[in-house]
Amino acid sequence: MNTVQNHASDGVLDTIIVGGGQAGLALGYFLSRQGRDFAILDAGQRVGDAWRQRWDSLRLFTPVKFDGLPGLPFPGDRLGFPGKDEVADYLENYAQHFGLPVRLGAKVERLRHDDGHYVAEAGGRSWKAANVVVATGACVAPKIPDFAAQLDDSVLQLHSSAYRNPGQLRPGPVLVVGVGNSGAEIALEVSRSHPTLLAGKPTAELPVKHGRAAARFILPLVRFAGTHVLTLGTPIGRKAAPGFLSHGTPLIRTKIKDLTDAGVERVGRVAGVSDGKAVTEDGRILEVANVIWCTGYTDDFAWVEPRAFDGAGRPRQHRGVARDAAGLFFLGQEFLYAAASATLPGVARDAAYLARQIPRRGTDGPADRAGRSPQKGRPRESRPQQVRGRA
């Protein structure tokens with residue numbers, strides 16, 4: 001393993017990675033193999049905190065055999081589906097195992113370009129580097145409709161990012177808004193203790209039962225499609241990308257039949273509020289004590305001063321390389337390059353590619369495409385690996 005120089009002698013790092021989730025750590029792995037001096041800045045108090053803060057029963061849709069990052073297989077039953085705390089602990093162990101230079105409690109509030117370098121500011125501290133990679137992930141700013149503020153104060157409101165378990169809820173009916181995977185799974189869980197209504201329409205469903213058999217025979221095909229077919233490098237991928245970004249993924253584990261069998265009542269899309277109560281688009285007034293907004297997330301790049309974004313606020317980039325700001329890169333976003341770009345099975349390839357594009361400090365071109373450190377040649381682990389079935 002090459003030694004990572006954590007601090008450049010003049011205080012200017014080669015690269016800053018903003019975000020210490022799976023994307024930032026995977027990129028850190030490849031940069032460490034190149035002998036770069038870099039730092040990973042993460043807002044959490046522990047590596048993996050973004051996963052620990054999700055709801056208690058959350059499990060991955062992908063089996064263990066696809067969930068490891070480069071160089072370190074995910075432990076456990078290869079056909080099992082890890083829980084969110086297992087993922088968090090794996091990421092923490094990954095950072096320790098490879099000695100990655102993660103700086104915790106560093107929520108970057110401002111990224112600016114100054115005198116030929118990038119400066120990341122976090123809570124009175126600052127880091128300076130030739131390159132910056134924004135790897136803050138896909139679940140950044142919870143998206144809640146504006147009319148939610150008009151609901152009566154007696155209604156408890158939670159976004160899915162704040163939901164942990166049914167014990168948080170008030171007695172009485174629960175309205176879950178949004179029929180993506182989060183909405184379906186949370187609605188099924190709360191239906192065991194509360195009358196539950198589910199508003200919205202699913203985009204589609206995985207046409208097979210999720211589980212060990214699917215992990216063995218079907219999910220490898222899904223992974224292949226999500227990493228190699230549905231990409232911005234293929235016509236079908238370019239056509240599919242807008243739908244993925246606007247409508248979300250098909251229901252995978254929990255299907256509409258499961259919800260119906262559990263007694264979850266389907267209602268129309270919530271269109272507004274009347275007299276403090278949610279109203280559907282067909283005019284039905286919903287008398288509920290709780291609302292859980294499973295309405296997804298939006299990107300939040302307000303802290304990034306270099307203007308590298310389109311009219312919709314998405315980065316203007318090619319495979320993570322900003323088109324309009326030299327030295328600025330992106331990683332771990334939804335459909336950055338492929339449908340799987342924001343997932344554990346998909347992030348390694350994007351990270352390996354980006355590590356080859358980030359110029360070494362003091363050069364104008366991309367890094368040595370062979371991933372060599374100047375002294376030792378190409379390390380065996382410096383290319384994306386097929387680690388026990390992982391992408």
Side-chain angles (χ1 to χ4, degrees), residues 48-62 81-88 137-145 147-148 151 154-206 209-211 244 246-271 273 277-278 280 284 286-298 334 342-344:
D49 272 357
W51 282 95
R52 291 187 186 90
Q53 293 163 5
R54 304 301 299 277
W55 73 87
D56 296 346
S57 62
L58 175 64
R59 288 183 295 138
L60 296 186
F61 295 126
T62 51
F81 300 93
K84 54 102 176 180
D85 289 333
E86 294 175 272
V87 177
C139 300
V140 180
K143 182 169 60 176
I144 300 174
F147 59 71
L151 285 171
S154 64
V155 178
L156 173 68
Q157 298 188 61
L158 296 171
H159 187 267
S160 59
S161 60
Y163 171 79
R164 299 291 177 267
N165 57 63
Q168 294 171 279
L169 304 177
R170 294 173 181 170
V174 179
L175 170 64
V176 178
V177 182
V179 196
N181 282 291
S182 297
E185 302 229 333
I186 290 173
L188 184 63
E189 178 172 85
V190 300
S191 70
R192 300 181 186 119
S193 56
H194 293 70
T196 302
L197 294 79
L198 180 60
K201 283 188 193 176
T203 55
E205 295 185 354
L206 189 70
K209 181 177 175 58
H210 187 269
F244 269 77
S246 61
H247 301 302
T249 57
L251 296 182
I252 297 175
R253 180 184 291 118
T254 300
K255 314 292 179 57
I256 293 301
K257 184 179 185 303
D258 300 322
L259 296 166
T260 301
D261 291 347
V264 174
E265 181 182 356
R266 299 284 308 286
V267 299
R269 184 178 67 88
V270 174
V273 173
K277 299 178 177 63
T280 65
R284 179 178 171 182
L286 303 177
E287 300 273 357
V288 297
N290 308 271
V291 175
I292 304 176
W293 299 103
C294 297
T295 42
Y297 298 80
T298 60
E334 294 283 359
T343 69
L344 281 162

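Since the model is a prediction, treat every value here as computed from it, not as a measurement. Throughout, residue positions are numbered sequentially from 1 according to the sequence presented.
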Determine which pairs satisfy salt bridge (charged side-chain N to carboxylate O under 4.0 Å, His left out) with at least one residue from residues 259-269, sequence neighbours left out, and list them in order.
Lys257-Asp261, Glu265-Arg284, Arg269-Glu281
Salt bridge (charged side-chain N to carboxylate O under 4.0 Å, His left out): pairs with one or both residues in residues 178-190, sequence neighbours excluded
Glu185-Arg253
Once salt bridge (charged side-chain N to carboxylate O under 4.0 Å, His left out) is applied, do any residues pair with Asp258, and if so which ones, sequence neighbours excluded?
none
[X]: what forms a side chain to side chain donor-acceptor pair (under 3.5 Å) with it, not counting sequence neighbours?
| X | answer |
| --- | --- |
| His159 | Ser161 |
| Thr295 | none |
| Gln53 | none |

Spell out, as yes or no, whether a donor-acceptor pair under 3.5 Å connects the side chain of [X] to the backbone of [Y].
| X | Y | result |
| --- | --- | --- |
| Glu334 | Phe244 | no |
| Lys84 | Arg52 | yes |
| Lys255 | Leu206 | yes |

For Thr343 and Phe61: C-alpha separation, side-chain torsions, deciding distance, then whether side chain to side chain contact (heavy atoms under 4.5 Å, CB included) applies.
CA-CA 10 Å; Thr343 69; Phe61 295 126; over 6 Å; no
For [X] against [Y], the heavy-atom pair lying closest together:
| X | Y | answer |
| --- | --- | --- |
| Ala187 | Thr196 | O-CG2, 3.9 Å |
| Leu60 | Phe81 | O-CB, 3.4 Å |
| Ser160 | Trp55 | O-CE3, 4.3 Å |
| Pro173 | Leu197 | CB-CD1, 4.3 Å |
| Cys294 | Ile186 | SG-CD1, 3.9 Å |
| Asn165 | Gly167 | OD1-N, 2.9 Å |

With respect to Asn290, which candidate in Leu158, Val174, Val155 satisfies the side chain to side chain contact (heavy atoms under 4.5 Å, CB included) definition?
Val174
Any Leu198 side-chain heavy atom under 4.5 Å of Val267 side chain
no
Is any side-chain heavy atom of Trp293 less than 4.5 Å from a side-chain heavy atom of Ile144?
yes
Could you walk me through whether Leu251 and Ile256 satisfy the side chain to side chain contact (heavy atoms under 4.5 Å, CB included) test, starting with their C-alpha distance in whole Å, then the side-chain angles of each, then the deciding distance to 0.1 Å, before giving a yes or no?
CA-CA 8 Å; Leu251 296 182; Ile256 293 301; 4.1 Å; yes
With sequence neighbours excluded, tell me which residues meet side-chain contact (heavy atoms from CB on, under 4.5 Å) with Ser193.
Pro166
Taken in chain and number order and not counting sequence neighbours, the residues that satisfy side-chain contact (heavy atoms from CB on, under 4.5 Å) with Glu287 are Lys277
Between atom NE2 of His210 and atom CD of Glu205, what is the distance when rounded to the nearest 0.5 Å?
13.5 Å
Apply side chain to side chain contact (heavy atoms under 4.5 Å, CB included) to the pair Leu169 and Leu156, showing each step before the final yes or no.
CA-CA 7 Å; Leu169 304 177; Leu156 173 68; 4.2 Å; yes
Side chain to side chain contact (heavy atoms under 4.5 Å, CB included), that's the test. Do Leu259 and Thr254 meet it? Break it down for me.
CA-CA 7 Å; Leu259 296 166; Thr254 300; 4.0 Å; yes
For residues 175-182, please give each side-chain donor-acceptor pair under 3.5 Å, one per line with the distance, not counting sequence neighbours.
residue: Asn181; atom: OD1; partner: Ile252; partner atom: N; Å: 2.8
residue: Asn181; atom: ND2; partner: Thr249; partner atom: OG1; Å: 3.1
residue: Asn181; atom: ND2; partner: Pro250; partner atom: O; Å: 2.9

Sequence neighbours excluded - side chain to side chain donor-acceptor pair (under 3.5 Å) pairs with any residue from residues 166-177:
none
